[in-house]
Participant: 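Before we start, here is the structure in question, set down as C-alpha coordinates.
We count residues from 1, following the sequence as given.
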Amino acid sequence: VGDSAYLKLTKTYQGVLNIAASNQDTLTRPDTIITKNFTSTLVTQLLFLRVDSTSNPMLNWKLLGVSLVSGGANTNTGNFKINSLTLTFGNNDSTITITDPTNFFINRHYGWKWGHSCPEFHTDDSVTVSVEVYSAYADTDFVTLTYGADFFGMHRNKVMLDLVSQTTSGTGYVRVFQRTFNLRNYRGYFSAVLNTLTKQSIYDDSAAVESNTWGLPYKIR
(Lines give C-alpha, C1' and ligand atoms only; values in the text may rest on other atoms or scores of the structure.)
Protein backbone atom coordinates (compact mmCIF):
# COMPACT_ATOMS: atom_id res chain seq x y z
CA VAL A 1 0.00 0.00 0.00
CA GLY A 2 1.95 2.98 -1.28
CA ASP A 3 5.32 2.94 0.49
CA SER A 4 4.17 0.41 3.09
CA ALA A 5 4.18 -3.36 2.85
CA TYR A 6 2.34 -5.66 5.26
CA LEU A 7 3.46 -9.24 5.78
CA LYS A 8 1.15 -11.66 7.58
CA LEU A 9 3.14 -14.43 9.23
CA THR A 10 1.25 -17.59 10.21
CA LYS A 11 2.81 -20.43 12.20
CA THR A 12 1.07 -23.75 12.85
CA TYR A 13 2.07 -26.06 15.69
CA GLN A 14 1.03 -29.60 16.48
CA GLY A 15 0.63 -29.98 20.23
CA VAL A 16 -0.30 -32.56 22.84
CA LEU A 17 -2.21 -31.77 26.02
CA ASN A 18 -1.48 -34.32 28.76
CA ILE A 19 -3.97 -34.35 31.66
CA ALA A 20 -3.24 -36.21 34.88
CA ALA A 21 -6.67 -37.42 36.01
CA SER A 22 -8.76 -40.03 37.72
CA ASN A 23 -12.18 -41.47 36.93
CA GLN A 24 -12.76 -42.28 40.61
CA ASP A 25 -13.95 -39.51 42.92
CA THR A 26 -12.46 -41.17 46.01
CA LEU A 27 -8.85 -41.09 44.81
CA THR A 28 -6.61 -38.22 45.92
CA ARG A 29 -3.94 -38.85 43.26
CA PRO A 30 -4.29 -39.26 39.48
CA ASP A 31 -4.25 -42.82 38.17
CA THR A 32 -4.45 -42.16 34.43
CA ILE A 33 -3.15 -39.80 31.76
CA ILE A 34 -5.57 -38.38 29.20
CA THR A 35 -3.88 -37.28 25.99
CA LYS A 36 -5.37 -34.77 23.56
CA ASN A 37 -3.78 -33.80 20.26
CA PHE A 38 -4.46 -30.30 18.98
CA THR A 39 -3.37 -27.83 16.30
CA SER A 40 -2.53 -24.27 17.32
CA THR A 41 -2.21 -21.45 14.78
CA LEU A 42 -0.49 -18.18 15.68
CA VAL A 43 -0.51 -15.01 13.57
CA THR A 44 1.58 -11.83 13.64
CA GLN A 45 2.00 -8.95 11.18
CA LEU A 46 5.19 -7.24 10.04
CA LEU A 47 5.15 -3.73 8.58
CA PHE A 48 7.91 -2.62 6.21
CA LEU A 49 8.51 0.93 4.97
CA ARG A 50 10.06 1.75 1.59
CA VAL A 51 13.20 3.83 2.10
CA ASP A 52 14.73 3.63 -1.39
CA SER A 53 14.14 2.35 -4.95
CA THR A 54 17.44 0.78 -5.89
CA SER A 55 17.89 -2.33 -8.01
CA ASN A 56 18.59 -4.31 -4.82
CA PRO A 57 15.30 -4.95 -2.96
CA MET A 58 17.22 -5.73 0.24
CA LEU A 59 18.20 -2.05 0.42
CA ASN A 60 14.75 -0.65 -0.29
CA TRP A 61 12.79 -1.70 2.79
CA LYS A 62 13.12 -1.27 6.55
CA LEU A 63 11.21 -3.21 9.19
CA LEU A 64 9.13 -0.55 10.90
CA GLY A 65 6.93 -2.52 13.29
CA VAL A 66 5.92 -5.98 14.49
CA SER A 67 2.46 -6.72 15.83
CA LEU A 68 1.63 -8.79 18.86
CA VAL A 69 0.99 -12.51 18.42
CA SER A 70 -2.55 -13.90 18.44
CA GLY A 71 -4.04 -17.33 17.83
CA GLY A 72 -4.86 -20.61 19.50
CA ALA A 73 -6.67 -23.89 18.93
CA ASN A 74 -10.18 -24.10 17.42
CA THR A 75 -10.51 -20.31 17.33
CA ASN A 76 -12.69 -20.30 14.18
CA THR A 77 -15.85 -21.31 16.06
CA GLY A 78 -16.30 -17.89 17.67
CA ASN A 79 -17.31 -19.63 20.91
CA PHE A 80 -14.25 -18.58 22.89
CA LYS A 81 -11.98 -15.54 22.53
CA ILE A 82 -10.01 -12.87 24.35
CA ASN A 83 -11.71 -9.48 24.00
CA SER A 84 -9.12 -7.27 25.67
CA LEU A 85 -6.01 -7.11 27.83
CA THR A 86 -5.35 -4.23 30.24
CA LEU A 87 -2.07 -3.67 32.13
CA THR A 88 -2.06 -1.20 35.03
CA PHE A 89 1.25 -0.28 36.68
CA GLY A 90 3.37 2.54 38.10
CA ASN A 91 1.20 3.12 41.20
CA ASN A 92 -1.86 2.86 38.93
CA ASP A 93 -0.69 5.90 36.95
CA SER A 94 -0.05 4.03 33.67
CA THR A 95 -2.42 1.83 31.69
CA ILE A 96 -2.06 -0.12 28.45
CA THR A 97 -5.20 -1.57 26.86
CA ILE A 98 -5.06 -3.92 23.86
CA THR A 99 -8.14 -5.03 21.93
CA ASP A 100 -6.68 -6.05 18.56
CA PRO A 101 -3.25 -7.67 18.98
CA THR A 102 -2.39 -8.15 15.30
CA ASN A 103 -2.94 -4.42 14.73
CA PHE A 104 -1.04 -3.36 17.86
CA PHE A 105 2.42 -2.73 16.37
CA ILE A 106 5.61 -2.42 18.41
CA ASN A 107 7.99 0.10 16.86
CA ARG A 108 11.16 -1.64 15.66
CA HIS A 109 12.93 1.41 14.24
CA TYR A 110 14.01 4.00 16.78
CA GLY A 111 14.44 6.69 14.14
CA TRP A 112 10.69 6.99 13.53
CA LYS A 113 7.97 7.87 16.01
CA TRP A 114 5.33 5.43 14.89
CA GLY A 115 3.17 2.74 16.44
CA HIS A 116 3.73 1.80 20.07
CA SER A 117 6.92 1.62 22.05
CA CYS A 118 7.73 -1.67 23.72
CA PRO A 119 5.91 -1.65 27.09
CA GLU A 120 8.36 -0.65 29.82
CA PHE A 121 8.23 -1.38 33.55
CA HIS A 122 10.51 -0.69 36.50
CA THR A 123 11.96 -3.51 38.58
CA ASP A 124 9.80 -2.56 41.57
CA ASP A 125 6.55 -2.17 39.61
CA SER A 126 3.42 -3.93 40.75
CA VAL A 127 1.41 -4.88 37.67
CA THR A 128 -2.31 -5.63 37.53
CA VAL A 129 -3.35 -7.75 34.55
CA SER A 130 -7.04 -7.66 33.59
CA VAL A 131 -8.35 -9.89 30.80
CA GLU A 132 -11.84 -9.82 29.31
CA VAL A 133 -12.91 -13.13 27.76
CA TYR A 134 -16.02 -14.06 25.80
CA SER A 135 -17.14 -17.65 26.30
CA ALA A 136 -20.17 -19.49 25.00
CA TYR A 137 -19.83 -21.97 27.86
CA ALA A 138 -21.38 -21.83 31.34
CA ASP A 139 -18.34 -23.35 33.05
CA THR A 140 -15.66 -20.90 34.14
CA ASP A 141 -12.60 -20.88 31.88
CA PHE A 142 -8.91 -21.00 32.81
CA VAL A 143 -6.71 -17.94 32.20
CA THR A 144 -2.96 -17.99 32.82
CA LEU A 145 -0.05 -15.62 32.22
CA THR A 146 3.47 -16.89 31.62
CA TYR A 147 6.10 -14.16 31.99
CA GLY A 148 9.71 -13.43 32.88
CA ALA A 149 11.28 -15.63 30.19
CA ASP A 150 14.53 -14.26 28.82
CA PHE A 151 16.04 -14.91 25.39
CA PHE A 152 17.03 -18.43 26.44
CA GLY A 153 13.63 -19.28 27.94
CA MET A 154 14.94 -19.15 31.51
CA HIS A 155 13.32 -17.61 34.65
CA ARG A 156 9.73 -18.20 33.58
CA ASN A 157 6.87 -17.65 35.99
CA LYS A 158 3.29 -18.79 35.46
CA VAL A 159 0.29 -17.44 37.36
CA MET A 160 -3.43 -18.15 37.14
CA LEU A 161 -5.78 -15.17 36.97
CA ASP A 162 -8.85 -15.00 39.20
CA LEU A 163 -12.42 -14.49 37.99
CA VAL A 164 -13.63 -11.08 39.25
CA SER A 165 -16.85 -10.53 37.26
CA GLN A 166 -19.25 -12.20 34.85
CA THR A 167 -22.11 -10.85 32.73
CA THR A 168 -24.29 -12.47 30.10
CA SER A 169 -23.84 -11.53 26.45
CA GLY A 170 -26.44 -13.03 24.15
CA THR A 171 -26.24 -16.77 24.65
CA GLY A 172 -22.75 -16.54 26.15
CA TYR A 173 -20.79 -14.85 28.92
CA VAL A 174 -18.29 -12.02 29.24
CA ARG A 175 -15.86 -12.74 32.07
CA VAL A 176 -13.11 -10.57 33.54
CA PHE A 177 -10.07 -12.26 35.08
CA GLN A 178 -7.47 -10.36 37.09
CA ARG A 179 -4.21 -10.78 38.98
CA THR A 180 -1.75 -8.36 40.61
CA PHE A 181 1.89 -9.35 41.05
CA ASN A 182 5.40 -7.91 41.28
CA LEU A 183 7.88 -8.20 38.45
CA ARG A 184 11.25 -9.87 38.94
CA ASN A 185 14.13 -7.72 40.05
CA TYR A 186 16.36 -7.79 36.96
CA ARG A 187 16.48 -5.75 33.78
CA GLY A 188 16.21 -6.55 30.08
CA TYR A 189 13.76 -7.62 27.40
CA PHE A 190 11.26 -10.39 28.09
CA SER A 191 8.07 -11.91 26.74
CA ALA A 192 4.69 -12.64 28.28
CA VAL A 193 2.13 -15.16 26.99
CA LEU A 194 -1.53 -14.88 27.89
CA ASN A 195 -3.30 -18.21 27.48
CA THR A 196 -6.95 -19.17 27.97
CA LEU A 197 -8.51 -22.64 28.00
CA THR A 198 -12.13 -23.71 28.21
CA LYS A 199 -12.95 -25.86 31.24
CA GLN A 200 -14.08 -28.79 29.09
CA SER A 201 -10.68 -28.83 27.41
CA ILE A 202 -9.35 -30.23 30.70
CA TYR A 203 -12.36 -31.76 32.44
CA ASP A 204 -14.10 -33.49 29.52
CA ASP A 205 -12.07 -36.32 28.00
CA SER A 206 -14.09 -36.20 24.77
CA ALA A 207 -14.01 -32.41 24.21
CA ALA A 208 -11.57 -30.83 21.78
CA VAL A 209 -8.94 -28.40 23.03
CA GLU A 210 -10.13 -24.78 22.70
CA SER A 211 -7.62 -22.09 23.55
CA ASN A 212 -6.85 -18.47 22.80
CA THR A 213 -3.35 -17.02 23.07
CA TRP A 214 -1.82 -13.54 22.92
CA GLY A 215 1.92 -12.82 23.08
CA LEU A 216 3.44 -9.56 24.35
CA PRO A 217 7.08 -8.38 24.57
CA TYR A 218 8.11 -6.02 27.37
CA LYS A 219 11.14 -4.33 28.89
CA ILE A 220 12.22 -3.89 32.51
CA ARG A 221 14.55 -0.98 33.25
Participant: I want to check something: taking the side chain as every heavy atom from C-beta on, are Tyr137 and Lys199 in contact at a cut-off of under 4.5 Å?
Facilitator: no

Participant: Just by modelled atom types, is the Thr102 backbone N or O under 3.5 Å from a matching donor or acceptor in the Ser70 side chain?
Facilitator: no

Participant: Is the shortest heavy-atom distance from the side chain of Ser135 to the side chain of Asn79 under 4.5 Å?
Facilitator: no

Participant: Measure the spacing between SG of Cys118 and CG of Asn107 and express it to the nearest 0.5 Å.
Facilitator: 10.5 Å

Participant: Please name all residues satisfying side chain to side chain donor-acceptor pair (under 3.5 Å) with Asp3, sequence neighbours left out, ordered by chain then number.
Facilitator: none

Participant: I need the Ser94 OG to Ile96 CD1 distance, nearest 0.5 Å.
Facilitator: 7.5 Å

Participant: Just do the side-chain contact (heavy atoms from CB on, under 4.5 Å) check on Thr75 and Thr41 with the steps written out, would you?
Facilitator: CA-CA 9 Å; Thr75 57; Thr41 302; over 6 Å; no

Participant: Taking all non-hydrogen atoms of both residues into account, name the closest pair between Ile106 and Ser117 and its distance.
Facilitator: CD1-O, 4.0 Å

Participant: Are Leu85 and Phe80 in one and the same hydrophobic cluster, where Ile, Leu, Val, Met, Phe, Trp and Tyr link if side-chain heavy atoms are under 4.5 Å apart?
Facilitator: yes

Participant: Report the C-alpha separation of Ser169 and Thr167 in whole Å, then their side-chain angles, then the decisive distance to 0.1 Å, and conclude whether the side-chain contact (heavy atoms from CB on, under 4.5 Å) test is met.
Facilitator: CA-CA 7 Å; Ser169 177; Thr167 57; 5.8 Å; no

Participant: Would you check if Ser84 and Ile82 make a side-chain contact, meaning some heavy-atom pair closer than 4.5 Å?
Facilitator: no

Participant: Considering only distance and modelled atom types, tabulate donor-acceptor pairs under 3.5 Å from the side chains of residues 23-38, sequence neighbours left out.
Facilitator:
| unit_1 | atom_1 | unit_2 | atom_2 | d |
| --- | --- | --- | --- | --- |
| Asp31 | OD1 | Ser22 | OG | 3.4 |
| Thr35 | OG1 | Asn18 | OD1 | 3.3 |
| Lys36 | NZ | Gln200 | O | 3.4 |
| Lys36 | NZ | Ser201 | O | 2.7 |
| Lys36 | NZ | Asp204 | O | 2.6 |
| Lys36 | NZ | Ala207 | O | 2.7 |

Participant: Does any part of the side chain of Thr86, heavy atoms only, come nearer than 4.5 Å to the side chain of Thr95, both counted from C-beta?
Facilitator: yes

Participant: For residues 51-64, which side-chain N or O atoms pair as donor and acceptor with protein atoms under 3.5 Å away, sequence neighbours left out?
Facilitator:
| unit_1 | atom_1 | unit_2 | atom_2 | d |
| --- | --- | --- | --- | --- |
| Thr54 | OG1 | Asn56 | N | 3.2 |
| Thr54 | OG1 | Asn56 | O | 3.1 |
| Thr54 | OG1 | Asn60 | OD1 | 2.8 |
| Asn56 | OD1 | Met58 | N | 3.1 |
| Asn60 | OD1 | Thr54 | N | 2.8 |
| Asn60 | ND2 | Thr54 | O | 3.0 |
| Asn60 | ND2 | Asn56 | O | 3.4 |

Participant: With salt bridge (Lys or Arg N to Asp or Glu O under 4.0 Å) as the rule and sequence neighbours excluded, what pairs involving residues 151-175 come up?
Facilitator: Asp141-Arg175

Participant: Can you tell me how far apart OG1 (Thr140) and CD (Gln166) are? Round to the nearest 0.5 Å.
Facilitator: 6.0 Å

Participant: Can you tell me how far OG1 of Thr88 sits from CG of Asp93, rounded to the nearest 0.5 angstrom?
Facilitator: 10.5 Å

Participant: Does any non-hydrogen side-chain atom of Leu197 lie less than 4.5 Å from one of Ile202?
Facilitator: yes

Participant: Look up atom OG1 in Thr128 and atom CG in Asn92, then write down how far apart they are to the nearest 0.5 Å.
Facilitator: 6.0 Å

Participant: I'd like to know if the side chain of Ser211 and the backbone of Ala73 have a donor-acceptor N/O pair within less than 3.5 Å.
Facilitator: yes

Participant: List the steps, then state whether side-chain contact (heavy atoms from CB on, under 4.5 Å) holds for Phe190 with Ile220.
Facilitator: CA-CA 8 Å; Phe190 305 92; Ile220 297 181; 4.0 Å; yes

Participant: Look at atom CZ of Phe181 and say whether more than 12 heavy atoms of other residues, nucleotides or ligands are closer to it than 6.0 Å.
Facilitator: yes

Participant: Rounded to the nearest 0.5 Å, what's the gap from CD on Gln45 to NZ on Lys8? Could you check?
Facilitator: 7.5 Å

Participant: Test side-chain contact (heavy atoms from CB on, under 4.5 Å) on Leu47 and Ser4 and set out the steps.
Facilitator: CA-CA 7 Å; Leu47 174 59; Ser4 300; 3.9 Å; yes

Participant: Would you check if Leu161 and Thr144 make a side-chain contact, meaning some heavy-atom pair closer than 4.5 Å?
Facilitator: no

Participant: Could you pull out all residues at least two apart from Tyr173 that satisfy side chain to side chain donor-acceptor pair (under 3.5 Å)?
Facilitator: none

Participant: Indicate, with yes or no, if Val69 and Val129 share a hydrophobic cluster defined by side-chain heavy-atom contacts under 4.5 Å among Ile, Leu, Val, Met, Phe, Trp and Tyr.
Facilitator: no

Participant: Which heavy atom of Ser67 sits nearest to which heavy atom of Pro101, and what is that distance?
Facilitator: CB-O, 3.7 Å

Participant: Check for me, please, whether Tyr189 and Val193 land in the same ILVMFWY cluster - side-chain distances under 4.5 Å, paths through other members count.
Facilitator: no

Participant: Examine Val176 and Leu87 and state if one hydrophobic cluster contains both, with Ile, Leu, Val, Met, Phe, Trp and Tyr joined whenever side-chain heavy atoms are less than 4.5 Å apart.
Facilitator: no

Participant: Quick one: do Leu9 and Tyr6 end up in the same hydrophobic cluster if we chain Ile, Leu, Val, Met, Phe, Trp and Tyr together by side-chain heavy atoms under 4.5 Å apart?
Facilitator: no

Participant: When you compare the side chain of Leu68 with that of Ile98, does any pair of heavy atoms fall below 4.5 Å?
Facilitator: yes

Participant: So do Leu216 and Leu194 actually touch side chain to side chain, heavy atoms under 4.5 Å?
Facilitator: no

Participant: Show every ring-ring contact (aromatic ring centres under 6.0 Å, His included) that has at least one partner inside residues 115-136, sequence neighbours left out.
Facilitator: Phe89-Phe121, Phe104-His116, Phe121-Tyr218

Participant: Indicate the atoms forming the closest heavy-atom contact of Asn182 with Ser126, along with that distance.
Facilitator: OD1-CB, 3.4 Å

